[in-house]
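Basis for what follows: all heavy atoms, side chains included, without hydrogens, waters or symmetry-related copies. Letters A, B, ... are given to chains in the order of the sequence lines, protein chains preceding strands, and every chain is numbered from 1.
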Amino acid sequence: MLALYNNFDEAEKVVSELRSADIKGFNADDDLTVKSPIEHPEVEEFLGDKPVKVQWFTLVGAVMGGLLAFFLISGSQASFYSQMKGGKPIVPIPPNMVLTYEMFILGGVYITVLGFLICAGLPARRSPLYSAKVSEDQIGILVKADESAAATLKGIFAKHKALEIQEEAGR
Amino acid sequence: MIENDFDRRDFLKVLGWGGTAVALSGCGYTSIEDGKETVTSYVTLPSYVVPGISNYFNSTCAQCEAGCNIMVRVREGRALKSEGNAASPINRGKMCGLGQAGIQAHYNPDRVQTPLLNGKAVSWDQALKEIEGKLNGVKGDEVAFITGTMSGHAQALLGNYMDALGSKNHFSYEAVSPAVARAANKKAYGVAMPRFRIDKAKVVVSFGADFLGAWVSPVYFSQAYAQFRKGNRPEGRGVLVQIEPKMTLTGANADRWLGIRPGTEGIFALGLINALGAAGVKVPADIAAAAKDYNPERVGTDTGVAFDQINKLAALLKERTPSLVLAGTAAEGYAYGSQNAMAIAMLNHVLGNVGKTVEAPASVPFPQLAPTVGSRSALTALNAGLAAGKYKVVFSYGANPVYSAPAAMKFKDNFGKAGFKVAFAQYLDETAKAADLVLPLDSAMEEWATVVPEYMPAPYEGHAENYAQVSLRQPVMEKLYPNKEGSGTRSVGDILLALLKQRKPEAYKGFDDFYAYLRSAVLEKKTVFGAAAKDDNDIFWNDTVGKGIVALNGVTAKLAGRASASELALPAPAAPDAAYPLRLIPSVSASMRDGRNANEPWLQESPDPLTTIVWDSWVEIHPKTAAKLGIVEGDIVDVSSKSGSIKAQAYLFPGIHPDAVSVPVGYGHEAMGRYANGTGANVFAMLDPVFDKETGELALNETAVKISKTGARVIIVKEEGPIGGSQAGRKKIAVKVSAGKVDLTKEV
Amino acid sequence: MTKDIREDIAWAQINQDVMKSLENPRKLYWVILFAALMVFSVGIGCEIYQYIEGMGVANMNNPHMWGLYIATFIFWIGMSHSGTLLSAILHLMHADWRKPIYRFAEAMTTFSLMTAGLFVAVHLGRVWQIYYALPYPSERWVWPNFQSPLLWDAMAIFTYLSSSVIFLYIGSIPDFAIARDNIHPGWRKKLYSILALGWEGTDRQWRNFRVTYLTVACFLIPLAVSVHSIVASDFAMSQQPGWHVTSFPPYFVAGALYSGCAAIITLFIILRYVFKFEEYMTLPILKKTVRLTFAIAMVWTYLNCIEFASVWYSHDQVAKDVLIQKATGPYAPFWWAMIFCGSVVPFVMMFKRFQTNIPVMFAVSLLLNLGMWLERWMIVAPTYSHGYYPWTWDHDQWPSLIQWGIVFGSFGWFTLLFMVFCKIVPSVSMYEVKEMVYHRSQATKKKQLGIEGAH
Amino acid sequence: MHFSLRLFTLLAGLFLAAASYAADTAPKLTTADDLGPEVAQPIEFPHFRHAGDEKDGGMQINCMYCHTYARRSIVAGIPPVQKCIGCHQNIPSVRETPRIKQLFEYYDNNKAIPWKKVHDLPDFVRFNHERHIKRFYFQQDRPYQEVCGYCHGDVKTMVVARRQKSLTMGWCANCHQKDHPVNATSSETGHGPNDCFTCHK
Amino acid sequence: MSVSNLLENWSKFRHTHPVEDKGHPDWEAYPSGLKTDIKWAMAIDLDACTGCNACSVACYAENNLPVVGKEKYAHGQEMHWMRIERYWGEENGEFKAEQGAQFLPMMCQHCEAAPCETVCPVGATNHTEDGLNSQIYNRCIGSRYCSANCPFKVRYFNWYNYPEQEESWPAPMHLQLNPDLTVRTKGVMEKCTFCKQRTYVARNNARNEEREVADGEVQTACQQACPTGAISFGNLHDPSSKVAKQWAQQGVDIIKEVQDKDKEREKMEHEGKEPEKMVRGYRILEELRPYPSVMYLERVREESAV
């Protein structure tokens, strides 16, 4: 069930009420989603804290990239017919460090983005309950609930004069 | 190096270069390609030829008259590179750039490949028949033969041919030979070209003798020079003083270069004698008499060299003996050139060098093989004859008079007057173009010949004092243009032999080609050539060919007493003509010489040592003079004399006397080949017809010129950068140290 | 005080305005596009000729082994840096006035990097063997030489390019969603729905989005710095006088930001006109950008002086000679032109009335870029013609028309890419403008409330 | 979510695989043993007949009897026609076979046979037969079939020779890296030169 | 096994040549029996050099150098690996010819620590185990960084496709090309190789006969041509070779960037003492620490002469 609201204040009220009101067959933690046209941290506070795990991907990626770079480069220098160049050691540290640094960043960025896609569940199919308005200027509140809870929820939505309420039956 | 189990001619037949694949593809593709190329394979092969390993064949360089002994690297039938023959006393395994480029004369794309009659290709038979026809009913003295310096059996054949024709008119012409000096030497020492022992001298005073660059036998003299400069030889490191109006390569290597006013070399020499006398050196009476008026002050004013320098030089010469004084091209190129040369030669007598550093030369025991050294007077004589319409048939070989004769001589027109003109030519050069019949010549890599060096080297590595040598030239690869159906090239020897057969068939029918003639001629005299009578001919011959040098017991000439110095009379330097204030000095560069090798790209591309200019000729002007005329580097200037003018780029050059300008000879060919044509200007053409009073040699340096800007300006194509030869204050690039500071005695 | 942006502007309005830029720009757009195409094709023609004939046609020679190609290469690399500056650095600083303009700045980053990449290929003598320089396990057991600064370059640029592409893309996912929702059906709609990855703006998406965007931004800043200091090390690591300068890396970075900002001003003005973005790319924002640029110009000038000073007071006569030759030799006109454009012209930006004067700023920004291009050329060429070894000193070597043609072609190529991009991707970040508007209106509301409370 | 996780693991796996492969790869890559193209020769020279084993009707002639330059020159070379004739004029039994007829034709017209190169390395590569023969045939005293076979494959079973080894740089290097005993007796080993400049000209 | 190889031979891969000289890592390729410890080096006596250009032409002949012609020469695109430089004496900005000119043959100095090697992106130029600065034509991709970093500017680039250009080797001139070398194509850097093809043959002969390369066994083309024998070339590690003797005698040590004798000379000059007899060996741009393998001997001029 998707309800659209005009501004954040209303949306927040709705959310908080939904969470406080204990409705059978409706778990506010899992079944409640807010869709907004812009990034809006306040709403999330009302949704209760949900941790973000992207940083871990970042760490792994960066470290992996760095190590890979160093060993790949030094290893290949060692296996390159051990050619002497300009009186420098065959495996010189400074240049390898430069490249390690670059690969460190490269790995970091790539894996971070990968992490983002995973954590944000993208790419994903769009749910049928979606309104173009959300990408424009309205806030959508999407709830999943049993038939039994439907009426109550609708009530709550209506109370806060939702602009529009979409409903999808089944499941 | 070479085993001779295989007849050379057969060898060349089997070892064709045709099949050899030449790697031009370079580093293009990275994959291996099977079955694209063919392997070099032969029907039969001498055991000493191994694919992938080079053979070296000894021969003789033909790039100049020095006749250096070379060995040519041959692989899979291709001549690759000529290198010096280490056994040779002339060049001792070394070579000059000019010689190196000989290989390009051989492979030159502009060679004449078939006989041409009035520009149309004909077969050799037709060509020879034509000659015979033209010679019919022509009296002997109506035939003239102009050649360059010649020697060896080809010359002997030529002599025989001229005799057969009953002609005495063999003109041996060299545009830049030291003929005047030779004449003067004859008077001063009794021999035309004594052995100059630079390697024995402590001081060498050279009056414009460019013995490191283009004088007589440069590579040989370079060896001597190296000796002379060694600090660890008993005489210690030698001192070289060069006195000349325009700096030559030798001048550039002198400890002291004196830029003297052109033409006053003789005066300087006498002044020096005078100064030596003053310094207490014993001077023969007649010389002293001749030199007495030349006190340093006067000489200083005449020559433009500060007189204290003359005294210092005298002191040096007095202190360090033996010394050696040389008279070179620059000194002799004047109306009174022989006077100059004579005066300079006298110096050697005064300094007592004769017998010490001026030695009696040895020569080969066969006069008919000895070189006929070319001269410019020969051309004058021929020209006179031609002008008078005396000659019906004219042959030319190894000379390019149409190019190198001064325009004032009108040689080209006179040449045209001759009824029938035959040119033996490798290129279709100016003379060949003017000729009716052109006979294509083999290159030096394709022909058989014997060469007697113009300058016989001093004994080397345990040779006898009277060492003399005959050098052999042998084909090192199959002809590029073989004699198929009458076309192709032939060696001068073969041509002369064929011509002789027309005259005296019976005398020469024994020899089917020049090789056979040469072989038998040598074997005839094999005892003289150092073989025992009982030696097997083939072994001896193969051995000789393998060595490329035949050492002989030469005949040593005597140094005769000198002529009296009483007739030494040197005019004071003429006041410069107002209309033509400057003196033109045609300079002879080591690589370009008289221009016969101008079509060898390596020579065009290798920078002139002193100016670093490539691919063009130039006008050397002293910065002061240039400033006066408002000329800057790269200005196209018009250099004009009474008899002609050229346009060339100006180059400001510190090594030249302010009253002189210098233009290199050898450039500006109208016809020769893709590399020579139109590069630079031909300075021969504009020379004034002034001749040496005694020898009648054309005086090269007697041309007065004026210079004017044309307004055009170019960026000179040269090796050096915009700051010329400056080191921009950098410490350690090319470092010079004064001899007093270093200890050279213990150097390896 | 004038506001950076109207706070009462309706969000729907924002969508419409920006979406319009994808539909119908002004005529000028097509003119520019066509011109760019022409110039680019000239460049291509020259390159083909050079490819066939060999590098000789560019009229380089023995001392002058590198010419305009490398100079222009550095120029483009430099240009790329300001995008990062605006999007990443200012993002971390929460300077929200960047929001309307950072999108095209990032686009500029990406495309100038692509252009720079072209020059690597153009410059090589045997570009068909370029794969030799890639570190891949080959049958031959050979590897590129990791000691070579050129290889660091390649690595750095690759990292930078890919990262900034990703950054650009991540940043515009929500806008793709908007485009997807608002555009009429057609190939574009399909395209956008793919690019949007099914973005719905759920709280979960936003949450991760925020963190990711921040992280990548953090990575980009050191990366950007490293990239241009590595380019600098192409020269600083070498031994040549005038190149072997310690202060090169920071000097290059400053120069990079400088030229980048100048370029942003130019493009700002163009886009503003072409896409009718007066509402969003407002004069106050221009003013802020200009001030930023002026600051950086001063930094660059300072570093420039430092470089000269360090050369001048060192006892390295050779390096000194190069400097003198720059100021007096055949390159003097260009060198002084560089000083003028780089250090004198920016003072125009001090004056308030010019800061918002479109034509003046347009001209100035162009001059600045010219100056920065000259700077790069003046780094490369004079050292060649005046190195350690006097004999190899050269007359000033003048690039051939081929060389010039390829250089100009690169500008065409860049403009082409950029203009096409702006036509396909919203060049103003809609959702962020909304945020900007939202937060600012909130702020003012609070202020008013405060005032009323006082009564 | 799960879709993306799978994607992630897949990508990460690929990345790691590629990386470890790259880091540890080179030696494994050079085991090619492919066959070169058929090369049409002017005369179909039956190598198996000359060099082949007894049981296959071969005469077990040493490679270097004909390719005699291999031991003293950089190239192995093709024998001059004279060499073939030298034997074949005394072998009347095969005198009339078509190939031998061809051979004698060439000889009588004094024409060299335009053999095609089979093992044709690029022009910038320098392969020295002499060194390899010295090292493996004379010093290590291996059988000649083996020594020549390293690079030329099993020629003694072929009619017209055909390339059997890849002869690529990696293939050469693979062997140059190995330690080979100095000679038949000693235990001391050394590997081929590693300098690019030794083989690249 | 690159990584394991890396860890096993770490120390080998870390030593810097030539300063802490443990030689070239590849010397292990030669079992003790045939160890040929070679360092090719050259000594050029500027006093003997007359600047006659013979060496330069010989180089053209030996190394398949193309003739570029006037127009390209004008653009500075000439290809002479060996160039003869001519300097004048200078006095307050004016050239002085009184002591003649000063010639300097300049070719690749084969530096032990060559600046060109480190910067090549593909490793086409390396330090070989016999002490040459190699140039692998086929590996070169033409980035021209090596030349940019060469203080002597002795590297020459193939600006055009000379092998296929009509004027470089018009038939039959191509028959003269030396089969022991590649003909370099468009876009490749090249330079003096100390006549690698010759040293290669000499070394192979030596190893076939299981001996060391004798002094004078191999001559470079320029050395062979030089009419005054100003150039000497040989193995610096063979104390009996002429080159080694010269280097030793001139007090030039290949792995020093400042020679002791120069230190002393400086000290004396600093103390205002006149250095008495000195030796004349020096290396160009030594102070940049490329450790060149070519030693020059100062030209000597007699000041007392006139």
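For Asn158(E), no part sits under 4.5 Å from any heavy atom of chain B, backbone or side chain. Neither the backbone nor the side chain of Phe221(B) comes within contact range of chain E, judged by heavy atoms closer than 4.5 Å. Proximity to chain B is limited to the backbone of Ala48(E), based on heavy atoms less than 4.5 angstrom apart. Residue Leu98(B) does not touch chain E at all, counting heavy-atom pairs closer than 4.5 Å. Contacts of Ala728(B) with chain E are made by backbone atoms alone, with heavy-atom separations under 4.5 Å and no side-chain atom involved. Contact of Phe653(B) with chain E is made through the side chain alone, with heavy-atom distances under 4.5 Å. Interface residue Arg283(E): only backbone heavy atoms are found under 4.5 Å from chain B. With a threshold of 4.5 angstrom between heavy atoms, Ile103(B) approaches chain E through side-chain atoms but not through N, CA, C or O. Using a 4.5 Å cut-off between heavy atoms, Glu83(B) contacts chain E through its side chain alone, with no backbone atom that close. In this structure, the portion of Thr611(B) lying under 4.5 Å from any heavy atom of chain E is its backbone and not its side chain. For chain E, no part of Ile70(B) is nearby; none of its heavy atoms comes within less than 4.5 Å. Both the backbone and the side chain of Gln224(E) have a heavy atom closer than 4.5 Å to some heavy atom of chain B. Looking at Ala171(E), only its backbone comes within 4.5 Å of chain B, counting heavy atoms on both sides.
Taking the charged nitrogens against the carboxylate oxygens, Asp45(E) and Arg229(B) have no contact shorter than 4.0 Å, which rules out a salt bridge. Ion pairing between Glu720(B) and Arg86(E) holds under the 4.0 Å rule for side-chain N and carboxylate O. Salt bridge annotation for Lys732(B)-Glu286(E): present, with a cationic side-chain nitrogen under 4.0 angstrom from a carboxylate oxygen.
Comparing Met247(B), Lys731(B), Gln604(B), Arg674(B) by how many heavy-atom pairs each has under 4.5 Å with chain E, the most go to Met247(B). Contacts with chain E were tallied for Ala86(B), Gly99(B), Gly725(B), Gly213(B); Gly725(B) has the most, counting heavy-atom pairs under 4.5 Å. Among Arg280(E), Glu78(E), His80(E), Met106(E), the residue with the largest count of heavy-atom pairs under 4.5 Å with chain B is Arg280(E). For the options Pro607(B), Ala79(B), Gly251(B), heavy-atom pairs under 4.5 Å to chain E are most numerous at Pro607(B). Chain B forms the most heavy-atom pairs under 4.5 Å with one residue out of Ala54(E), Ala230(E), Cys52(E), and that residue is Ala54(E). Options Ala315(B), Ala226(B), Pro654(B) differ in how many heavy-atom pairs under 4.5 Å they form with chain E, and the most are formed by Pro654(B). Counting heavy-atom pairs closer than 4.5 Å to chain B, the top-ranked of the candidates Leu104(E), Thr50(E), Ile284(E) is Thr50(E). Ranking Leu212(B), Leu249(B), Asn91(B) against chain E, the residue ahead of the rest is Leu249(B), based on heavy-atom pairs under 4.5 Å. Contact count against chain B (heavy-atom pairs under 4.5 Å) is highest for Asp180(E) among Val279(E), Ile84(E), Asp180(E). With respect to chain E, the highest number of heavy-atom pairs below 4.5 Å among Val737(B), Val717(B), Asp743(B) belongs to Val737(B).
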Point to revise | side chain to side chain contact (heavy atoms under 4.5 Å, CB included) between Asn178(E) and Arg73(B), intermediate numbers included | key: CA-CA 10 Å; Asn178(E) 185 350; Arg73(B) 178 182 173 215; 3.3 Å; yes
Point to revise | Test log, rule side chain to side chain contact (heavy atoms under 4.5 Å, CB included), inputs Asn53(E) and Trp602(B) | key: CA-CA 11 Å; Asn53(E) 252 330; Trp602(B) 288 342; over 6 Å; no
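Put simply, CD on Gln99(E) and CH2 on Trp257(B) are 13.0 Å apart, with the number rounded to the nearest 0.5 Å. Between the CD atom of Glu298(E) and the OG atom of Ser738(B) there is a distance of 10.5 Å, given to the nearest 0.5 Å. From Glu98(E), atom CD reaches atom CG of Leu258(B) across 8.5 Å, with rounding to the nearest 0.5 Å. Residue Gln176(E) holds its CD atom at 7.0 Å from OH of Tyr107(B), rounded to the nearest 0.5 Å. In this structure, the separation between CD on Glu85(E) and CD on Gln727(B) is 9.0 Å, given to the nearest 0.5 Å.
The stretch residues 47-69 of chain E participates, sequence neighbours left out, in these salt bridge (charged side-chain N to carboxylate O under 4.0 Å, His left out) pairs: Arg237(B)-Asp47(E), Asp47(E)-Arg301(E), Glu62(E)-Arg198(E).
Side chain of Gln223(B) to backbone of Pro227(E): a donor-acceptor contact under 3.5 angstrom is found. A donor-acceptor distance shorter than 3.5 angstrom exists from the side chain of Gln102(E) to the backbone of Val735(B), with no hydrogens or angles considered.
Dense packing is recorded around NZ of Lys261(E), with more than 12 heavy atoms of other residues, nucleotides or ligands lying under 6.0 Å away. Heavy-atom contacts from other residues, nucleotides or ligands closer than 6.0 Å to CD of Glu257(E) number more than 12. The number of heavy-atom neighbours closer than 6.0 Å to CZ of Arg730(B), taken from other residues, nucleotides and ligands shown, is above 12. Counting heavy-atom neighbours within 6.0 Å of Lys624(B) NZ, excluding the residue itself, gives a total of 12 or less.
The minimum heavy-atom distance between Val57(E) and Ser606(B), with the atom names listed, is CG2-CB, 4.0 Å. Listed here is the closest heavy atom pair of Leu80(B) and Leu177(E): CD2-O, 3.4 Å. Here the shortest heavy-atom pairing between Thr228(E) and Ser222(B) reads CG2-O, 3.5 Å. The two residues Lys94(B) and Cys226(E) make their nearest non-hydrogen contact at CD-O, 3.0 Å. The shortest heavy-atom contact between Cys49(E) and Asn253(B) is O-OD1, 3.2 Å. Annotation for Lys736(B) and Gly100(E): closest pair NZ-O, 4.4 Å, computed over non-hydrogen atoms.
Checking Phe95(E), Tyr87(E), Trp88(E) one by one against Ser726(B), the side-chain contact (heavy atoms from CB on, under 4.5 Å) holds for a single residue, Phe95(E). When Arg320(B), Lys202(B), Arg256(B) are each tested for a salt bridge (Lys or Arg N to Asp or Glu O under 4.0 Å) with Glu302(E), only one passes: Arg320(B).
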Using residues 67-74 of chain E as the side-chain source, report each donor-acceptor pair under 3.5 Å to any protein atom, sequence neighbours left out, with the distance given to one decimal.
unit_1	atom_1	unit_2	atom_2	d
Lys70(E)	NZ	Asp616(B)	OD2	2.9
Lys72(E)	NZ	Gln165(E)	OE1	3.3
Lys72(E)	NZ	Glu167(E)	OE2	3.2
Tyr73(E)	OH	Glu719(B)	OE1	3.2

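Side chains of Glu747(B) and Gln246(E): no donor on one and acceptor on the other come within 3.5 Å.
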